[in-house]
Q: 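Structure below; questions to follow.
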Protein chains: 2
Amino acid sequence: MANIRDLAKEAGVSVATVSRVLNGYPYVSEEKRKAVWEAVEKLNYSKNIQAVHLAKGRTTIVGVMLPYIHHPYFSAVIEGISKEALRYGYQLLLFQTNYDVERELEALERLRMRQMDGLIVCSHEVDWEAFAAYQEEGPIVLCEQVGEQDFLAVYIDHYQAFVQALRYLVKKGHRRIGYCIGRMTGPNSQARAAAYQDVLREAGVIPRRQWIFEGCLFLEDGKRVIEQWVAMEERPSALLVTSDQVAAGIVLQAGRIGVRIPEELAIIGFDNDPLAELLGITTVALPHFALGEKAFRLIHHWLETGNVHRKQVELPTQLIIRTTG
Amino acid sequence: MANIRDLAKEAGVSVATVSRVLNGYPYVSEEKRKAVWEAVEKLNYSKNIQAVHLAKGRTTIVGVMLPYIHHPYFSAVIEGISKEALRYGYQLLLFQTNYDVERELEALERLRMRQMDGLIVCSHEVDWEAFAAYQEEGPIVLCEQVGEQDFLAVYIDHYQAFVQALRYLVKKGHRRIGYCIGRMTGPNSQARAAAYQDVLREAGVIPRRQWIFEGCLFLEDGKRVIEQWVAMEERPSALLVTSDQVAAGIVLQAGRIGVRIPEELAIIGFDNDPLAELLGITTVALPHFALGEKAFRLIHHWLETGNVHRKQVELPTQLIIRTTG
DNA sequence: CTGTTAGCGCCTTCAC
DNA sequence: GTGAAGGCGCTAACAG
């Protein structure tokens with residue numbers, strides 16, 4: 001592989017001049033510029049990006065930490081990140097963690113090793129302290145509400161979104177209300193749990209532990225939920241489901257086994273997945289794509305200017321009433 | 001940021017020894033090893049991975065080229081790649097192309113610049129010649145049937161899969177058969193087009209251009225298809241749909257507007273998406289996840305040994321009969 | 001076992 | 001405008 005020195009020799013100039021030409025630096029005579037480009041052609045030269053990264057101390061790479069890729073929520077977020085990254089000439093390095101803390105820390109270590117200029121954390125298991133410890137190493141943006149913490153973050157107000165949906169159900173006369181969620185840990189989940197407690201208490205209802213269904217991430221989980229529901233002694237009359245995929249699973253399987261939606265069981269999903277529209281599922285629209293976009297922009301702005309207008313960006317949600325709840 | 005020289009000074013050894021300790025090289029006295037690790041602690045050292053890459057001439061990074069991420073097919077493939085990459089300590093660099101040739105070439109250029117050790121191409125628009133031109137730069141594996149071409153490839157025999165599904169429909173008495181596909185270009189699509197021609201001819205039917213629906217990638221596209229279908233003069237009685245998402249869109253929208261499936265229109269999907277199971281959609285199961293796994297293994301094996309058992313790996317499909325066709 | 005030394009390939013001041 | 005030279009941080013002979 002030809003390197004910059006070979007080019008210099010071939011073109012009869014210095015390596016500095018070659019570098020200038022290669023990087024579009026202005027003050028170079030037309031003559032030498034031409035000679036360099038000819039040498040590039042002749043030697044079939046291509047620059048070694050690793051050397052560039054080392055010399056510059058930057059990579060124009062951003063890391064993306066997320067538990068799964070094959071999931072409508074996360075793949076939509078990456079799509080948003082990806083679009084913006086493309087636009088600004090950045091590349092994306094993927095860190096799939098499966099919510100394994102070891103892997104999450106590994107991603108953070110990679111930031112420390114300067115493998116990337118910044119990191120977007122779509123979701124995580126590890127404590128906030130871990131991120132705090134790595135903040136010096138480069139910008140980190142979390143996709144969750146961080147309260148008083150001094151993190152870059154872009155988030156959805158899950159507490160309010162949950163409150164809105166729950167109040168809607170209460171207003172429709174529901175009292176036995178449950179919900180389905182991916183996992184119980186993490187700030188997003190805790191915010192929803194709090195909203196659940198608050199609204200039910202406000203309505204004078206005692207929340208039941210059995211009305212909370214955990215581990216609901218995929219379509220299949222919805223099938224499981226409705227089957228569990230059928231087997232229950234005291235069934236909730238309404239379910240808030242934090243993923244339209246799961247909600248769809250519930251609605252479709254309910255149709256199969258003859259549970260009437262919303263008469264016997266009202267369903268409100270989250271995401272506003274196309275599937276929800278097609279199935280007429282009432283849902284809380286979440287701006288996944290925009291979340292990814294904003295997350296990247298935050299990182300990017302930080303990298304370019306060293307600061308940022310607001311460290312935290314909140315994104316809006318919208319309750320879309322359809323037929324299931 | 002402390003570097004390896006600072007460590008050497010601190011520990012009172014040479015940089016070579018530091019490097020040996022850092023990389024677990026055996027012949028170092030226990031004493032010095034300890035001194036080095038203490039220096040690492042004290043100086044809060046972390047190695048600069050870019051420098052390592054430059055010095056070694058390798059990155060343990062593999063690139064992944066694909067048009068979209070937010071799509072069940074592609075996100076499943078990445079998931080498979082990702083799982084294997086994790087297992088072998090590789091990282092994944094994402095190149096989302098939207099089937100834009102410029103971007104595809106950019107990814108190839110990155111391989112040339114040694115940004116990654118190899119490249120997995122999930123789908124592409126650019127001609128094979130482009131890949132041929134970059135083969136020297138590092139292993140490239142294509143996820144498609146490449147015939148006589150000398151590429152690393154892992155693929156599904158789309159011709160046979162299509163033939164099997166079509167014959168099944170013919171056997172059931174269908175003659176007016178159409179299909180839905182993402183796009184017309186690319187070897188996978190061409191193989192399916194050929195199978196379509198062959199089987200219909202074999203059944204003594206003249207294929208119609210209008211019975212081919214292009215641009216079918218997402219759920220919403222299925223909705224569009226069934227609406228187009230309704231408006232047709234001569235409607236096909238059966239549709240082969242190269243994505244379960246699209247098939248689901250068709251089936252669900254058909255239900256809404258009162259088209260009876262499979263009596264008026266038989267549907268066979270592809271993928272064996274959980275959604276297909278839930279909706280009782282007859283489908284051709286495709287091993288997306290395994291495709292990603294194999295693709296990575298092929299690259300990995302090549303990188304480690306410089307060769308590979310078979311350059312081409314074919315993966316099986318399976319027709320799963322359910323209720324829509 | 002350990003240290004010296006020469007790269008890896010490019011960027012970037014500094015002086016002319 | 002241009003070139004010489006030092007540096008980015010680490011690895012890997014080679015010599016001892």
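These numbers come from the heavy atoms of this one structure, side chains and all, not from hydrogens, waters or symmetry mates.
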Q: Identify whether any heavy atom of A/Tyr25 sits under 4.0 Å from a base atom; if not, whether one sits that close to sugar-phosphate; answer base, sugar-phosphate or nothing.
A: nothing

Q: Rounded to whole angstroms, how far apart are NZ on B/Lys56 and C1' on C/dC8?
A: 13 Å

Q: Which listed nucleotide (C/dC14, C/dG9, C/dC11) is nearest to the side chain of A/Arg20?
A: C/dC14

Q: For residues A/His70 and B/His288, establish whether the separation of their ring centroids is below 6.0 Å.
A: no

Q: OP1 or OP2 of D/dC8 versus the side-chain N and O atoms of B/Asn48: is any pair under 4.0 Å?
A: no

Q: Does A/Glu109 come within less than 4.0 Å of A/Arg112, counting only side-chain N to carboxylate O?
A: yes

Q: Compare the minimum distances between each of D/dT11, D/dC10, D/dG3 and the side chain of A/Val13, then state the nucleotide with the smallest one.
A: D/dG3

Q: Could you check which of C/dT2, D/dG3, D/dC10 has an atom nearest any side-chain atom of B/Lys32?
A: C/dT2

Q: Counting only heavy atoms from other residues, nucleotides and ligands, does the tally under 6.0 Å from CD of A/Glu136 exceed 12?
A: no

Q: Is a donor-acceptor contact shorter than 3.5 angstrom present between the side chain of A/Arg33 and the base of D/dG1?
A: no

Q: Quick one: A/Gln50 CD to D/dG9 C1', roughly how many Å, whole number?
A: 13 Å

Q: Check whether any side-chain N or O of B/Ser29 sits under 4.0 Å from OP1 or OP2 of C/dC1, and answer yes or no.
A: no

Q: Using only heavy-atom distances, decide whether a donor-acceptor pair under 3.5 angstrom links the side-chain of A/Arg114 to the base of D/dG9.
A: no

Q: In terms of the nearest nucleotide of DNA chain C, which residue is placed more toward the 5' end: B/Glu31 or B/Ala55?
A: B/Glu31

Q: Think A/Arg103 forms a cation-pi with A/Phe95, using NZ or CZ under 6.0 Å from the six-ring centre and within 45 degrees of its axis?
A: no

Q: Whether A/Thr17 contacts D/dG3 is assessed here as follows: a side-chain N or O lying under 4.0 Å from the phosphate OP1 or OP2. Is that the case?
A: yes

